[in-house]
Amino acid sequence: MQDMIRRIVEADNEAKALEEKNREATEKEKLRIEEEAAATYREYMDNAQEEIKKNDEHLQRSYSRKLSDTTAKQESVLIKLKADYEKNCDKWVDEIVDRVIKER
């Protein structure tokens, strides 16, 4: 009887030790998974930031070229308008004066 009780107690102690070992293993695995997830997230975010930086640089170059093109076109139009004004200023003034006088 004593032997049977001793074996039951030993089996209970072994079960408790095994349960504790499994709990510790579960905690270690949980921490490992959390660390791996955090590392994966950091890697993903670093890659995303790098991709954003590349896209920003590309867009900046593209917009700079477009701005330069637009500025050049505006300058060209302004030069043409000034030339037209210089060429036709007196004619336009005369036409405006004639129209105003004719309406009276």
TODO: Give, for atom CG of N13 and atom CD1 of I8, the distance between the pair rounded to the nearest 0.5 Å.
DONE: 12.0 Å
TODO: Identify the two heavy atoms, one from W92 and one from Y85, that lie closest to each other, and give their separation to 0.1 Å.
DONE: CZ3-CA, 3.8 Å
Open item on the list: Quick check on the hydrophobic clustering: are Y41 and I33 connected, directly or via other members, by side-chain heavy-atom contacts under 4.5 Å?
Closed with: no
- [ ] For the pair E10 and R6, find out whether any cationic side-chain nitrogen is under 4.0 Å from an anionic carboxylate oxygen.
- [x] yes
Task: Inter-residue atom distance D12.CG - R7.CZ, 0.5 Å rounding - done: 15.0 Å
Open item on the list: Going by side chain to side chain donor-acceptor pair (under 3.5 Å), name the pairs with one or both residues in residues 56-78, residues two or more places apart or in two chains.
Closed with: none
Task: D90 CG: over 12 foreign heavy atoms closer than 6.0 Å - done: no
Task: E20 atom CD, neighbour heavy-atom count above 12 within 6.0 Å - done: yes
Open item on the list: How long is the straight-line distance from CD of E35 back to NZ of K30, given to the nearest 0.5 Å?
Closed with: 12.5 Å
Task: Flag, side chain of N88 to backbone of D84, donor-acceptor distance under 3.5 Å - done: yes
Task: Nearest-0.5 Å distance that lies between atom CD in E36 and atom CD in E43 - done: 10.5 Å
TODO: Walk me through it: do M45 and R42 pass the test side chain to side chain contact (heavy atoms under 4.5 Å, CB included)?
DONE: CA-CA 5 Å; M45 291 306 289; R42 281 191 305 272; 5.8 Å; no
- [ ] Would you mind checking if R32 and E29 are paired as a salt bridge, meaning a charged N to carboxylate O distance below 4.0 Å?
- [x] yes
